> 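One structure, pasted below without further comment.
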Protein chains: 2
Amino acid sequence: MEKADRMAHQDDSISLLKQKGLNPTPHRVMVLGILGNSPSPLSPQEIFATLQRFHPMNRVTLYRILEVLVAHGLVERIQSGDKAYRYGLNAQSPHAEHPHFYCSHCGGIQCVHAEGIHVQVEDIQKTFPGLIQKMEIRLDGICKNCLRNHKQKKTGNA
Amino acid sequence: MEKADRMAHQDDSISLLKQKGLNPTPHRVMVLGILGNSPSPLSPQEIFATLQRFHPMNRVTLYRILEVLVAHGLVERIQSGDKAYRYGLNAQSPHAEHPHFYCSHCGGIQCVHAEGIHVQVEDIQKTFPGLIQKMEIRLDGICKNCLRNHKQKKTGNA
DNA sequence: ACCTTTATGCAATTCAGTTGCATTATGGTG
DNA sequence: CACCATAATGCAACTGAATTGCATAAAGGT
Ligand SMILES: [Mn+2]
Ligand SMILES: [Mn+2]
Ligand SMILES: [Zn+2]
Ligand SMILES: [Zn+2]
């Protein structure tokens, strides 16, 4: 991401934060900007690495910012196939939920927008005695890139 | 679980292990027995606590046993809403997959067998460029018990 | 300016899980 | 049985992600 692009999105992040009554500190704006600019959810590590390039920040501060963003519904935290959470901009509209694909080879995450998934949480709620607040669907496997690399190795290509 | 009950299921565990060509060691039999006797997936901590009562075992050994059971398809490892995995007997029949409910208050896990969920992984696979090997659906919320306890507190009951 | 609240930094800690290596069982062979 | 190879277990140390406690700095209101 170029600096100009980041600047272009900066105002969006600021107004998002203000909407939620959150102080739009430079750190928060940066984190929100990085998430808003990514096509797929990111791990704290990935966010931290990006930050280091142009806006160094303490590790703990990042965790705390993510925490507050999630608490205020700006950011969604999902679980991947490994031990690190992934964070992405929250799709505002309810029911815009979608599955995420986790590549067990490279650890990458991808959003999956597909037909073939119809989950009526309301129907489940009718018979389930607890209170359902959220749903997560995760697909595990090998991503396109890793599949290709694997094939290359087999056929002896460098 | 009473000792007699455990004995009753011991043979099942042994034959399961043998079917997979695994040495039915006492430790493995115990772990498989505990999982087979639980209505819902358990965390390594929970399994370990149960083990301690009548069959002490090193922590690492438990992890390694779970690993080998998962690798051979006897046990399923799922992710919960927290940072510990949960392990349960694998439902042999394909497509017997079902969602799991995670209570964010007590950390308990429940299997959810419900209509209202129709996920055609095959359909997704048609358009998704990677290889999909597994799917996990998790519902997060507050379980029946925690809801009740919460209400009791509000109404001032001891 | 003064004080209170909020945000950030830093060090230490927790927690689940993993790794390396020593030790103990198990199993097969002659 | 003695011998050796392999598999299983135990123990200690380590890792990686996240959290906690407390100190410092910034922001905001009066
Ligand atoms: Mn997504
Ligand atoms: Mn289940
Ligand atoms: Zn991959
Ligand atoms: Zn609960």
Side-chain angles (χ1 to χ4, degrees), chain A residues 13-14 17-18 20-34 41-52 54-72 74-87 102 104 106-109, chain B residues 13-14 17-18 20-34 41-52 54-72 74-87 102 104 106-109:
Chain A
S13 299
I14 292 178
L17 287 164
K18 283 183 179 169
K20 296 292 183 176
L22 292 173
N23 209 331
T25 69
H27 281 174
R28 286 174 177 170
V29 173
M30 284 308 306
V31 172
L32 208 46
I34 290 172
L42 301 173
S43 67
Q45 298 266 20
E46 292 168 319
I47 301 168
F48 192 64
T50 304
L51 281 170
Q52 290 296 61
F54 51 85
H55 190 114
M57 171 188 316
N58 187 276
R59 212 168 51 86
V60 178
T61 303
L62 171 58
Y63 279 116
R64 286 198 276 235
I65 287 176
L66 290 172
E67 187 182 25
V68 75
L69 294 181
V70 169
H72 286 77
L74 287 177
V75 163
E76 179 192 37
R77 182 180 83 168
I78 64 171
Q79 272 187 329
S80 62
D82 56 40
K83 285 178 291 182
Y85 293 110
R86 306 294 149 101
Y87 297 84
Y102 171 76
S104 59
C106 68
I109 295 267
Chain B
S13 299
I14 293 177
L17 287 164
K18 283 184 179 171
K20 296 291 182 176
L22 292 172
N23 209 331
T25 69
H27 282 173
R28 288 175 176 169
V29 173
M30 285 307 306
V31 172
L32 209 45
I34 290 172
L42 301 173
S43 67
Q45 298 264 20
E46 291 169 319
I47 302 168
F48 193 65
T50 304
L51 282 170
Q52 290 297 62
F54 50 85
H55 190 116
M57 170 187 318
N58 187 275
R59 210 168 55 87
V60 178
T61 303
L62 172 58
Y63 280 116
R64 287 200 273 236
I65 286 176
L66 290 172
E67 186 182 27
V68 74
L69 294 181
V70 169
H72 285 77
L74 287 177
V75 164
E76 179 193 36
R77 182 180 82 168
I78 64 172
Q79 271 186 329
S80 62
D82 56 40
K83 285 177 293 182
Y85 294 110
R86 305 295 149 100
Y87 297 85
Y102 171 77
S104 59
C106 68
I109 295 267

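Residue numbering restarts at 1 for every chain, and letters A, B, ... go by the order of the sequence lines. Remember, it's a predicted structure, so these values are computed and weren't measured experimentally.
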> Is the phosphate of D:dT9 approached by B:Asn58 (side-chain N or O, under 4.0 Å from OP1 or OP2)?
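Looking at the OP1 and OP2 atoms of D:dT9, neither is under 4.0 Å from any side-chain N or O of B:Asn58.
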> Checking only heavy atoms, does the side chain of A:Arg59 share a donor-acceptor pair with the base of C:dG9 at less than 3.5 Å?
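For A:Arg59, whose side chain was compared with the base of C:dG9, there is no donor-acceptor pair (under 3.5 Å).
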> CD1 of A:Ile65 to CG of A:Asn58: how many Å apart, nearest 0.5 Å?
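That separation rounds to 10.0 Å.
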> Relative to the 5' end of DNA chain C, which residue comes earlier, B:Tyr63 or A:Thr61, by the nucleotide with the nearest heavy atom?
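The residue closer to the strand's 5' end, by nearest nucleotide, is A:Thr61.
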> Should B:Gln45 be listed as having a side-chain N or O under 4.0 Å from OP1 or OP2 of C:dA16?
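Checking C:dA16 against B:Gln45, a side-chain N or O does come within under 4.0 Å of OP1 or OP2.
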> Under 4.0 Å: is that the gap between some side-chain N or O of B:Arg28 and OP1 or OP2 of D:dA8?
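For D:dA8, OP1/OP2 do have a side-chain N/O of B:Arg28 under 4.0 Å.
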> Could you measure the distance from the CZ atom of B:Arg28 to the CZ atom of B:Arg64? Nearest 0.5 Å is fine.
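Answer rounded to 0.5 Å: 11.0 Å.
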> What nucleotide among D:dG10, D:dT9, C:dT26 has an atom nearest to a side-chain atom of B:Thr25?
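From the listed options, D:dT9 comes nearest.
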> Would one find a side-chain N or O of B:His27 under 4.0 angstrom from OP1 or OP2 of D:dT9?
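For D:dT9, OP1/OP2 do have a side-chain N/O of B:His27 under 4.0 Å.
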> In whole Å, I'd like the distance from the CG atom of B:Leu69 to the P atom of D:dT9.
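Atom CG in B:Leu69 sits about 10 Å away from atom P in D:dT9.
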> What nucleotide, of D:dG10, D:dA12, C:dC15, holds the atom closest to the side chain of B:Met57?
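Nearest to the side chain of B:Met57 among the choices is D:dG10.
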> Reading DNA chain C from 5' onward, which residue's closest nucleotide shows up sooner: B:Pro26 or B:Arg77?
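The residue whose closest nucleotide sits nearer the 5' end is B:Arg77.
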> Taking for each residue the nucleotide of DNA chain D with the nearest heavy atom, is it A:Arg86 or B:Val60 whose nucleotide lies nearer the 5' end?
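Per heavy-atom nearest nucleotide, the more 5' residue is B:Val60.
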> What is the distance, to the nearest angstrom, from the CD atom on B:Glu46 to the C1' atom on C:dG17?
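Distance, rounded to whole Å: 16 Å.
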> Rounded to whole Å, please give me the gap between CG in B:Leu17 and P in C:dT26.
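It works out to 15 Å between those atoms.
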> Could you state the CD1-C1' distance from B:Ile65 to C:dA25, rounded to the nearest angstrom?
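After rounding, the reported distance stands at 14 Å.
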> Would you mind reading off the distance between B:Lys83 atom NZ and D:dT15 atom P, rounded to a whole angstrom?
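Nearest whole value for this atom pair: 19 Å.
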> Rounded to whole angstroms, how far apart are CD on A:Glu67 and P on C:dT6?
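Taking atom P of C:dT6 as the reference, CD of A:Glu67 is at 15 Å.
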> Send over the distance from A:Tyr85 OH to D:dG16 P, rounded to a whole Å.
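Result: 18 Å.
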> Consider only side-chain N and O atoms of A:Asn23 and A:Thr25, and report whether a donor and an acceptor are under 3.5 Å apart.
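Looking only at side-chain atoms, A:Thr25 and A:Asn23 do not form any donor-acceptor pair under 3.5 Å.
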> Could you tell me the separation between the CD1 atom of B:Ile14 and the CG atom of B:Leu22, rounded to the nearest 0.5 Å?
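Answer rounded to 0.5 Å: 13.0 Å.
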> What closest approach, in Å, do A:Met57 and A:Phe48 show between heavy atoms, and which atom pair accounts for it?
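Shortest heavy-atom separation between A:Met57 and A:Phe48 comes out as O-CE1, 2.9 Å.
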> Counting distance alone, no hydrogens or angles: does the base of C:dG9 have a donor or acceptor under 3.5 Å from a partner atom on the side chain of A:Arg64?
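Side chain to base: pair found, below 3.5 Å.
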> From CG of B:Asp82 over to P of D:dA18, roughly how many Å is that when rounded to an integer?
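Checked: the CG to P distance equals 13 Å.
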